[in-house]
Amino acid sequence: MLSSVQNPRFYLVQCRFHLHFPLKPRQFHSSVVVRASQMVTETQPQASIAPPYSEILSIRKSLLSRQRSAAEIVQDYLNRLRQIEPQIRSFLHVSENAIKEAEAIDRKIERNEELGPLAGVVVGVKDNICTLDMPSTGGSRILEDYQPAYDATAVKKLRDSGAIIVGKTNLDEFGMGSTTENSAFQVTANPWDTSRVPGGSSGGSAAAVSARQCVVSLGSDTGGSVRQPASFCGVVGLKPTYGRVSRFGLMAYASSLDVIGCFGTSVADTGILLHTISGHDRFDATSSKREVPDFWSQVISMKHVESKPLKGLRVGVISETLGDGVDMGVRSLIQAAASHLEELGSTVTEVSLPSFSLGLPAYYILASSEASSNLSRYDGVRYGKQIAAEELTSLYGDSRANGFGPEVKMRILMGTFALSAGYYDAYYKRAQQVRTLVQKSFKAALDANDILISPAAPSAAYKIGEKKNDPLAMYAGDITTVNVNLAGLPALVLPCGFVEGGSAGLPVGLQMIGGSFDEGRLLKVGHIFEQTLQASRFVPPLVTDGLAC
């Protein structure tokens with residue numbers, strides 16, 4: 001087992017400051033202690049709790065010092081992947097070339113050749129992102145065994161940097177879902193409690209990082225599909241600004257909302273991964289030509305942190321995300337996180353986004369409408385498995401009926417209805433107007449604040465099957481994330497504590513939202529936040545209890 005895997009499982013925040021809100025005063029807890037099922041005693045020394053650090057930099061150091069070979073590192077991850085996979089089911093495909101690629105890196109080291117920044121780093125890739133050497137199914141039967149003729153731009157950049165793509169992770173079919181239960185192939189489990197969902201649609205990518213089956217992973221985020229599973233699985237998840245990362249090779253769900261995002265066990269690793277895959281791409285007209293900063297250089301070493309490292313930072317707590325519908329345990333942890341940010345020197349105020357509640361229905365109208373158009377290509381002729389029929393109409397209908405799952409069919413029908421001649425103005429056009437309102441609300445809030453914070457989800461992970469037959473309740477779980485996609489803004493989610501549940505508690509994520517292309521600030525603040533919390537490393541018991549030794 002890698003040395004980074006440790007066992008402490010508790011969260012402790014001592015807050016010594018009171019918050020003062022100019023809008024709607026809200027009493028935050030001045031002292032919050034949240035434990036995972038009371039498993040840690042008061043006498044356990046806090047000094048044993050190591051803060052998160054960069055596994056990517058640790059691997060690089062091991063390779064350059066020749067303490068370990070790339071083949072050994074990759075083999076360790078493959079062993080853990082195979083041992084944990086029967087319980088988690090996070091991968092749909094596992095690479096057959098991982099060891100060979102690692103051995104090629106070792107030969108470079110022997111020849112003293114320059115290594116890429118991600119040399120030897122094991123990466124999982126969501127299965128709606130194209131890979132040349134492995135199938136890319138989008139979690140759908142209609143693309144079963146489909147193997148692309150090219151790598152997505154993000155994947156190509158990873159390979160060029162020396163990363164090793166270990167496999168393709170499970171997802172809700174074409175990214176449509178919040179639990180990964182809508183995959184056509186298998187249901188992924190949460191590493192913290194295998195009876196619970198990992199979130200979705202990037203549940204496989206989040207679970208794989210949480211269970212240490214890979215170092216980092218790629219997901220996609222259309223309405224929260226990176227951030228919500230990051231919260232459920234106790235890992236760091238980053239949704240970049242729309243246009244920061246090329247979408248070339250990402251299977252389109254809702255083209256104006258889709259982004260490729262990052263998962264890691266620390267803010268540092270997530271930032272390094274983002275830097276690798278960012279930048280303009282001539283194959284994607286929506287990718288930004290803005291220069292990509294060195295995100296890592298903006299992360300402050302904790303050796304040089306002042307007593308108030310966030311002095312002058314203006315933080316706005318979105319009031320609409322702490323009201324009815326948000327579990328009390330989640331609310332308490334976000335309030336404690338706000339107090340901790342103030343303790344670090346930030347000025348914390350409560351802000352209101354008047355259009356916030358309108359974002360959810362607008363999102364589902366826009367996303368479903370774009371999906372009905374994007375998924376028309378899967379007809380059994382251009383793409384997708386073909387069901388033989390005597391007439392063309394029957395071929396189309398039978399291929400799509402047999403290839404798509406129920407959630408995809410429902411969203412296609414919803415989108416087609418919203419775009420129909422009699423309802424376009426009432427639904428699609430009005431949803432676009434709401435999108436403009438959401439963008440203006442965020443701009444006003446971010447003009448007055450440097451970052452905004454909220455829960456990443458209204459609750460911790462719930463039981464598998466609990467909301468399967470209640471789509472409205474499941475959709476409501478996206479209320480804290482979809483507005484960010486409508487506005488095209490970046491957002492970082494990182495663990496901030498536990499609530500009761502399972503054998504060791506269930507993690508909860510704090511969402512930090514920044515201005516357009518302001519990922520650097522989010523990473524800087526997030527790094528300081530995670531390093532200064534007296535907190536566990538958020539390693540699930542499935543790993544710490546020795547199942548993956």
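When reading the values below, keep in mind they use all heavy atoms of this one structure, side chains included, and skip hydrogens, waters and symmetry mates. Everything numeric in this text was worked out from a predicted model, so none of it was measured.
- Side-chain atoms of N182 do not come within 3.5 Å of backbone N or O of E173 as any donor-acceptor pair.
- The salt bridge (Lys or Arg N to Asp or Glu O under 4.0 Å) pairs that include a residue from residues 220-234 are D221-R227, where partners are two or more places apart or lie in different chains.
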Stepwise side-chain contact (heavy atoms from CB on, under 4.5 Å) test for V166 and V123
CA-CA 6 Å; V166 72; V123 182; over 6 Å; no

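- Counting only residues at least two apart or on different chains, no salt bridge (Lys or Arg N to Asp or Glu O under 4.0 Å) pair has a member in residues 483-492.
- For the residue pair S355 and K440, no side-chain donor N or O sits within less than 3.5 Å of a side-chain acceptor on the partner.
- With hydrogens and angles ignored, the 3.5 Å screen pairs no side-chain donor or acceptor of D327 with any backbone N or O of G329.
- A donor-acceptor pair shorter than 3.5 Å can be found between the side chains of R411 and Y253.
- Put simply, the side chain of L510 reaches to within 4.5 Å of the side chain of F529, judged on heavy atoms.
- By the side-chain hydrogen bond (donor to acceptor under 3.5 Å, both in side chains) test, T194 is found to be paired with no residue, residues two or more places apart in sequence or in another chain being considered.
- Between the side chains of E55 and T265, no donor-acceptor pair is found at a separation under 3.5 Å.
- Between A445 and L353, the shortest heavy-atom distance links the atoms CB-CD2, 3.6 Å.
- With hydrogens and angles disregarded, a donor-acceptor distance shorter than 3.5 Å links the side chain of S183 to the backbone of F185.
- H340 has its side chain out of reach of C496: every pair of non-hydrogen atoms, C-beta onward, lies at least 4.5 Å apart.
- S368 contributes no side-chain N or O that, together with a main-chain N or O of M414, makes up a donor-acceptor pair within less than 3.5 Å.
- Side chain to side chain, S220 and K126 meet the donor-acceptor criterion of an N or O pair below 3.5 Å.
- Scanning both residues, C214 and V122, for their nearest heavy atoms gives CB-O, 3.6 Å.
- Using modelled atom types, one side-chain atom of R212 and one backbone atom of S210 make a donor-acceptor pair closer than 3.5 Å.
- Side-chain atoms of S54 come within 3.5 Å of backbone N or O of L57 as a donor-acceptor pair.
- Remark: K168 fails to qualify as a cation-pi partner of F91 under the 6.0 Å distance and 45° angle criteria applied to the six-membered ring.
- Residues R80 and D76 are not paired through a salt bridge, judged by the lack of any N-O separation under 4.0 Å between the basic side chain and the carboxylate.
- R521 and D518 are joined by a salt bridge, as a carboxylate oxygen and a charged side-chain nitrogen come within less than 4.0 angstrom of each other.
- T188 pairs in a side chain to side chain donor-acceptor pair (under 3.5 Å) with only one of the listed residues (N170, T180, D172), which is N170.
- Counting only residues at least two apart or in different chains, salt bridge (Lys or Arg N to Asp or Glu O under 4.0 Å) contacts with residues 192-205 comprise D193-R196.
- Within the 3.5 Å criterion, the main-chain N or O of R89 finds a donor-acceptor partner in the side chain of Q186.
- Closest approach of T169 to S205, counting heavy atoms only: OG1-OG, 2.7 Å.
- Applying the side chain to side chain donor-acceptor pair (under 3.5 Å) rule to pairs touching residues 475-484 yields S178-D478, Y364-D478, E407-Y475, sequence neighbours excluded.
- Formation of a donor-acceptor pair under 3.5 Å by the Q511 side chain with backbone atoms of A456 is not found in this model.
- Panel note: side chain D258, backbone T222; no donor-acceptor pair is recorded below 3.5 Å.
- Smallest separation of non-hydrogen atoms from P354 and S441: CD-OG, 4.1 Å.
- Between the side chains of T321 and R331, not a single donor N or O lies within less than 3.5 Å of an accepting N or O.
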Checking V245 against L274 for the side-chain contact (heavy atoms from CB on, under 4.5 Å) test, could you report, in this order, the C-alpha distance in whole Å, the side-chain angles of both residues, the deciding distance, and whether it holds?
CA-CA 8 Å; V245 178; L274 175 65; 3.9 Å; yes

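- Nearest heavy atom pair, residue F538 against residue P540, reads O-CD, 3.8 Å.
- Side chain to side chain, E85 and S90 meet the donor-acceptor criterion of an N or O pair below 3.5 Å.
- Here the closest heavy-atom approach between residue F232 and residue P507 is recorded as O-CG, 3.4 Å.
- Within 6.0 Å of atom NZ in K463, more than 12 heavy atoms from other residues, nucleotides or ligands are found, so the atom counts as buried in its surroundings.
- Every residue meeting the side chain to side chain contact (heavy atoms under 4.5 Å, CB included) condition with A184, not counting sequence neighbours, appears here in chain and number order: R141.
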Show your reasoning for whether side-chain hydrogen bond (donor to acceptor under 3.5 Å, both in side chains) applies to T347 and E342.
CA-CA 6 Å; T347 300; E342 191 176 46; over 6 Å; no

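- Judged by distance alone, with hydrogens and angles left aside, the side-chain atoms of E530 form a donor-acceptor pair with the main-chain N or O of V267 at under 3.5 Å.
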